[in-house]
Amino acid sequence: MPNPIPRPSTPYRRATGLFFTLLTAGSVAIAGENPRSRAEAEALLERMTLEEKIGQLALFTSFGATTGPPQDQAALEENIRAGNCGSVLNALSVAQIRKLQKIAVEESRLRVPLLFGYDVVHGYKTIFPIPLGETASWDLEAIERSARVAAVEAAAAGLDWTFAPMVDIARDPRWGRIAEGAGEDPFMGSAVAAARVRGFQGRDLTAPDSVLACVKHFAAYGAAVAGRDYNTVDMSERMLREVYLPPYAAGVEAGALSVMTSFNELNGTPATANSFLLRKVLRTEWGFKGIVVTDYTAINEMVAHGSAADEADAARQALAAGVDIDMVGGTFVHHLKQLVREGKVSRRQIQAGARRVLALKAQLGLLQDPFRHCDEAREARLLGARENLEAAYRMACESFVLLKNESQALPLKTGKTVAVIGPLADSSRDLLGCWKADGAWDSIDTVLGGIRRNNGDGQVVFAPGCDIASTNRAGFAEAIAAARTSDVIVAVVGESWDMSGEASCRTSINLPGAQTELLRELKQTGRPLVVVLMNGRPLALEEESAMADAMLEAWFPGTEGAKAVADVLFGKQNPAGKLPVTFPRRLGQAPIYYAAKNTGRPLDPANPKEPYKSSYLDCPNDPLYPFGFGLSYTTFNCAEPQLDQSRLLPGGCLTASATVSNTGQRDGAVVVQLYLRDLVGSVTRPVLELKGFQRLVLKAGEQRRISFNIRQQDLAFLRKDMTWGTEPGSYLAFIGLDSRELRSARFELARK
Ligand code: GLC
């Protein structure tokens, strides 16, 4: 079923003012808000001492994984026993969680159950493609299904809470965490955020296979200056509200009951102590009723930011701004009681936070059954189950983006001699990407293995050629020799899994090491050259793209990624992915994104050398591969859009339609995209804005009429007076297969 254009949802519009159109089909009331569980939480709260209430505001890390600066493990169990710990991070497996929960409910005074959280970002045991890759599928149902599978496995492993979805808009490819999100676009980012929240939380948070979602990192973490992680973020409120906030709002709108503050400052105030974000926007405008957790030691880091004199002052500021839980920093446990004595923090503030945490535990069913997710048999049955692997395989196939395919280089014909070259060809760890959770890689296939399996009686010769990062060319000769014996070269190149993700930023987005040089020498052999990319960010691939006969973007495709890559290379699957983020020609163009402003001196692409235009001396303006771009093994055509009327009346609906044809020889999926442009506004407007998309499968030769409904709220923006709404005037509607090859039709939004 194609992804329908999402519909505006009133609460969301009221909260953010954004007439954001979201797929709200699955957004459901979160079960568990029952009076009995709330009464239990209140009764518990009344019995708590001040110290025990403070304890509910503390989260400490266990030892199953390390996701930040290492911490003292011995104190964990003592903190739990003393009631100084309300939640635990990084406890993996039912056995570990049962052990810690038993301490809480059998040895602490009030026996308050712990909340167990972990970063299940793109899978728990069955690892899916990195989120940027999943987004490239443009298949919201598959994205929701991926989060659902992750929830089923995480809950089966005893967890209550995942620190996902990461929904940070990212437009700077240097930033390593671009891998973890949904790319550059607020519309796409919002739709994906909502889908992932629905997948994680399911229809009933008390269900054995649901986990609490956590929308992160609030807010605008992806706009770090120079693309350097944890760096300063400074932007106008207009940019914040129009580009960076919508996905967080969409996650809250979809029912997420926790939000994580980001490490960065925003306009001078660290997000973790930013009452504009945490109170005005999150609680007042969006009506958020859940809990706010900081990122890992983010409160402590306010001292380094220079906005707090010491950790006590940082704790005071964070609590006052609206933080409920201190992740790992220990600042609430160490300082709040003294701050109460000094009159700098009120008991009421602490009570409010503890109330929210206990209410959430009640909503999850934890107060009734602290061991609700502790079932070893269920854990053994569900982790890595066949149906989960199949879902991961399908998502991997859908995530790949075919960037180039000339002289029928792809799909490969079986039975030929294939030279598989490159440092990533025989790697299994890299397949899992930056947040591998509890995924195992020692027993999964590699791309080389997948090609061997698919090539029938054809010969496969392998040579790594070089490693990923060094400039060592010692392996070149072997690789060239292997290539010379082949009918076709498949070069698997890119980044290692740890070159993206947290604290993994790069000042270059070229292929690392000697990989480009290796491709040059492979090209010299004259054999057809197929390049498979594994990477966590847009790369600058101008030279590589020119050399390759075919190029497939595979991201880090997960547990079933090797089979998926091999099946796409040999044509068992037809790629249909579309880029969720712009691929520049060079880093010097960044930040570069499709929804740019026209400027007062726009460059005419037909006259690129015209002086005094917004352009570069040494590079075209346009990207190498634009947002929304991706090819197929078949070909598609999208005809001129037609409108059923040329005037959209306030409150009315206009339909834009186009006929899409599969003009090739095989069936294939295609993502048809709707963009709008407001030609004149009280403030300047982007030249394009994604406002809808539909993913559909067309048989060879099939034509289909695709329609998008356009309503007034789809034209809303932050007007000059900073109010959300529309302005009458002329608009263009574009329908196409990417954000570059578009044809438009004009319409007017009438005043009344
Ligand atoms: C990390 C990450 C955050 C993660 C948290 C817990 O520092 O910034 O995304 O959820 O700590 O592991």
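Numbers here simply count residues along the sequence, with the first being 1. All ligand and atom numbering here is 1-based and tracks the order in the structure.
Closest protein heavy atom to atom 6 (C) of ligand 1: Asp119 OD2, 3.3 Å. For atom 1 (C) of ligand 1, the nearest non-hydrogen atom of the protein is Glu502 OE1, 3.2 Å.
When heavy-atom distances to ligand 1 are checked against a 4.0 Å cut-off, Arg177 comes that close only through its side chain, counted from C-beta outward.
Close contacts between ligand 1 and Tyr296 involve ligand atoms 7 (O), 11 (O) [criterion: under 4.0 Å to a heavy atom]. Close approach of ligand 1 to Asp295 is summarised as follows: ligand atoms under 4.0 Å from at least one heavy atom of the residue are 1 (C), 2 (C), 3 (C), 4 (C), 5 (C), 7 (O), 8 (O), 11 (O). The ligand atoms of ligand 1 that sit less than 4.0 angstrom from a heavy atom of His217 are 3 (C), 8 (O), 9 (O). Close approach to Phe263 involves these atoms of ligand 1, each under 4.0 Å from a residue heavy atom: 7 (O), 8 (O). Close approach to Lys216 involves these atoms of ligand 1, each under 4.0 Å from a residue heavy atom: 3 (C), 4 (C), 9 (O), 10 (O). Less than 4.0 angstrom separates some heavy atom of Phe163 from each of these atoms of ligand 1: 10 (O).
The shell of residues lying under 4.0 angstrom from ligand 1, judged by heavy atoms, includes Met327. Assignment of Met260 to the shell around ligand 1 is supported, since a heavy atom sits closer than 4.0 Å.
Tyr230 pairs with exactly one of His305, Glu502, Glu265 by the side chain to side chain donor-acceptor pair (under 3.5 Å) rule, that one being Glu502.
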Inset, instruction - With salt bridge (Lys or Arg N to Asp or Glu O under 4.0 Å) as the test, would you mind laying out the steps for Glu285 and Arg241 before giving the verdict? - result: CA-CA 12 Å; Glu285 292 181 14; Arg241 287 183 176 278; 2.6 Å; yes

Inset, instruction - Decide side chain to side chain donor-acceptor pair (under 3.5 Å) for Glu184 and Thr582; before the verdict, give the C-alpha distance in whole Å, the side-chain angles of both, and the deciding distance to 0.1 Å. - result: CA-CA 8 Å; Glu184 70 182 60; Thr582 301; 2.7 Å; yes

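Nearest approach of Arg283 to Phe288, heavy atoms of both residues: NH1-O, 3.1 Å. Nearest heavy atom pair, residue Gly133 against residue Trp555, reads CA-CD1, 3.4 Å. Shown here for Lys125 and Thr559, the closest heavy-atom pair between the two residues is O-OG1, 4.1 Å.
A salt bridge links Arg372 with Asp160: the closest approach of a Lys/Arg side-chain nitrogen to an acidic carboxylate oxygen falls below 4.0 angstrom.
Arg228 CZ: 12 or fewer foreign heavy atoms inside a 6.0 Å radius.
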